[in-house]
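Written out below as structure tokens is the structure these notes cover.
What you see is a predicted model; the values in this text were computed from it and never measured. Residue numbers begin at 1 in each chain, while the letters A, B, ... track the order of the sequences. Computed over heavy atoms, backbone and side chain alike; hydrogens, waters and symmetry mates excluded.
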Amino acid sequence: MTMQGKSSPWMISCFLLAVFLLAWHFFTLRPAFEPRGMSEEQLHMMEFNGDIVRTSEEGYAWNPEKEKVRGVPGPLMVIEKARTELAEAFVKKGTNDHGIAYLVAYTVSRFAAGFLAASVVAIMLGVLLGLNKALFQAVNPFIQILKPISPLAWMPLLLYTVKDPKWTAVLVVFMAAVWPTLATTAFGVSSLRKDYLHVAAILQLTWFKRLYKVILPGAAPTIVNGLRIAFGSALVAVVPAEMLLGELGVGYLSWIEWNNLDIAGVIFAILVVGVVGVILDSGFNKLAGFVTYQE
Amino acid sequence: MAFLQIDHMTKFFPSHSGGDPVCIFKDVTIKIEKGEFVTTIGHSGCGKSTLLNIIAGLESPSEGGVILNGREAAGPGLDRMVVFQNFALMPWMTVFDNIRLAVRAAYPNWDRERIAAHVHKYIALVGLKGAETKRPTALSGGMKQRVGLARAFAIEPKVLLLDEPFAQIDALTRGVIQEELIQMWNTSRNTVFMVTHDVDEAILLSDRILLMTNGPGARIAENVMVTIPRPRARVTIIEHPHYYKLRNHIIHFLVEHVTHEEETGDSNNGSGGSEKKYPRVVNFEQETLARR
């Protein structure tokens with residue numbers, strides 16, 4: 001009974017996936033080309049237009065190249081696309097045609113650079129603000145104004161000032177990640193239980209030890225919550241940043257496939273973004289588990 | 001001069017309603033000799049915890065000061081360790097690490113092994129052997145405060161400040177830990193200043209009990225000598241002829257001062273004739289001797 005209870009969510013998930021794939025398949029399925037009732041001339045015209053191709057058995061079929069942009073591609077086409085892309089994952093065909101593994105690596109490194117830089121800056125500033133109530137109150141209005149600005153809104157200005165799309169993409173991620181961490185760190189440090197600080201004061205810990213032994217670990221659960229929010233918003237920001245800046249990455253992949261009118265490629269790119277997000281997120285959760293504690 | 005002296009201390013808090021600052025306690029002078037165990041009892045809000053925090057250096061007085069061993073003690077220091085009411089153990093550290101943090105701070109010149117041995121000694125002393133690697137969350141309230149006591153005793157402070165240390169521990173465990181505290185104190189003989197609500201606890205542990213009137217403008221009204229000889233145990237101390245005399249006296253004081261002694265609230269013109277000689281010394285031993 002308990003086994004069944006445990007396995008059922010998996011079974012429901014698989015069932016939902018199967019239903020979804022089947023529905024997707026049948027809704028996007030087009031009947032095979034039916035030449036009956038068409039004159040020779042019409043068929044030639046269609047062949048000339050590239051709508052249909054001659055098959056090896058002297059019949060006609062829809063042109064697979066043109067099928068790619070007609071309607072929404074079915075799951076089989078997406079799987080086929082994924083298969084070919086993954087087969088060439090580590091192939092560089094040209095300056096703008098790198099294998100999917102490279103694209104993922106570019107996006108992850110861009111994301112990691114922006115996120116880590118933002119986290120370090122935000123945690124340091126947050127601790128400073130959290131420990132100094134007057135400063136916190138003085139700076140808070142500015143944080144409140146800057147926080148809701150979409151990180152993408154900064155992009156033209158950043159591009160103009162740093163003049164380099166690579167760094168601009170990193171800075172957009174930085175902008176997306178810095179505010180949530182800053183705000184929650186300041187909150188976490190300022191609401192740290194006074195007792196811990198009292199113990200640190202009595203023990204005459206140096207400020208460095210106070211920071212590393214008491215303040216940071218004490219505020220860690222709150223800081224991690226902020227990092228989690230920052231992580232999500234940075235992940236959301238990195239895709240459009242790549243699209244708009246034309247920097248190679250999984251976000252760019254989606255855009256370039258759209259430019260190629262390869263809708264299966266777009267769907268594949270979307271799935272890659274999802275998978276990369278899930279993997280990064282689970283890695284983050286593992287890290288978060290190390291630093292949080294139960295009160 | 002006494003070993004630890006709280007000298008004409010007054011504390012004001014800013015008023016919540018924005019009016020004049022509220023006087024928490026006024027002109028408090030306490031003299032504690034070396035190795036003495038002194039307890040302060042008073043109602044909630046009389047400022048006894050504030051008083052303890054000021055001695056610890058965690059808060060500053062509005063007037064007056066603390067003199068420890070002939071020198072002014074302003075600001076927190078390793079010579080005055082607090083045992084906190086809610087334990088104040090770092091939940092992200094194990095029992096061992098919590099105590100080691102304090103030992104390392106107190107003895108910066110010791111090497112790793114010596115610190116570890118010292119920590120283990122005090123963990124064993126409070127009977128927590130085997131719980132070294134546990135985190136505070138995994139411990140009961142009583143065990144948490146044992147860690148708190150071990151941490152405080154381990155740094156061998158000149159003055160031990162106990163801030164309602166057993167208030168959050170269930171009554172049965174409380175008694176056991178009180179006796180453990182007596183044993184530890186018997187060997188270390190630190191000077192102790194304790195704050196509590198618990199009359200029995202105060203009599204069991206203290207050499208002297210200071211009774212505080214209600215705030216605002218609280219004062220130390222009485223200085224009750226606990227002459228019951230040591231070693232004391234919970235079971236035998238109640239047999240002593242002075243035990244219930246002391247207990248009743250203190251409880252009477254606490255009950256009466258909820259309504260009585262309100263002239264101190266009228267502190268603006270309190271400098272006049274109502275100035276009594278504080279604190280009044282109460283000693284049942286001498287009373288019985290005198291009666292003979």
Contacts of residues 73-87 of chain B with chain A (heavy atom under 4.5 Å) = B:P76, B:G77, B:L78, B:R80, B:M81, B:V82, B:F84, B:N86

Distance from B:L89 atom CG to A:D195 atom CG, nearest 0.5 Å?
-> 9.5 Å

Would you mind reporting whether A:L197 and B:L58 have side-chain heavy atoms less than 4.5 Å apart?
-> no

Trace of the ring pair (Phe, Tyr, Trp, His ring centres under 6.0 Å) decision for A:Y196 with B:W92 = CA-CA 11 Å; A:Y196 303 150; B:W92 54 90; 5.2 Å; yes

Any residue of residues 203-222 of chain A which, by heavy atoms, sits under 4.5 Å from chain B = A:L203, A:Q204, A:L205, A:K209, A:K213, A:V214, A:P217, A:G218

If contact means a heavy atom pair closer than 4.5 Å, which residues of residues 65-72 of chain B contact chain A?
-> none

Any chance you could measure B:D163, atom CG, to A:H198, atom NE2, to the nearest 0.5 Å?
-> 10.5 Å

Count the heavy atoms belonging to other residues, nucleotides or ligands that lie under 6.0 Å from OH of A:Y106, then report whether that count exceeds 12.
-> yes

Just give me the residue among B:A102, B:G57, B:P157, B:P136 that pairs up with chain A most often, heavy atom to heavy atom, under 4.5 Å.
-> B:A102

State whether the number of non-hydrogen atoms from other residues, nucleotides or ligands found under 6.0 Å of B:W185 atom CH2 is greater than 12.
-> yes

Contact residues of residues 105-127 of chain B (partner chain A; heavy-atom separation under 4.5 angstrom) | B:A105

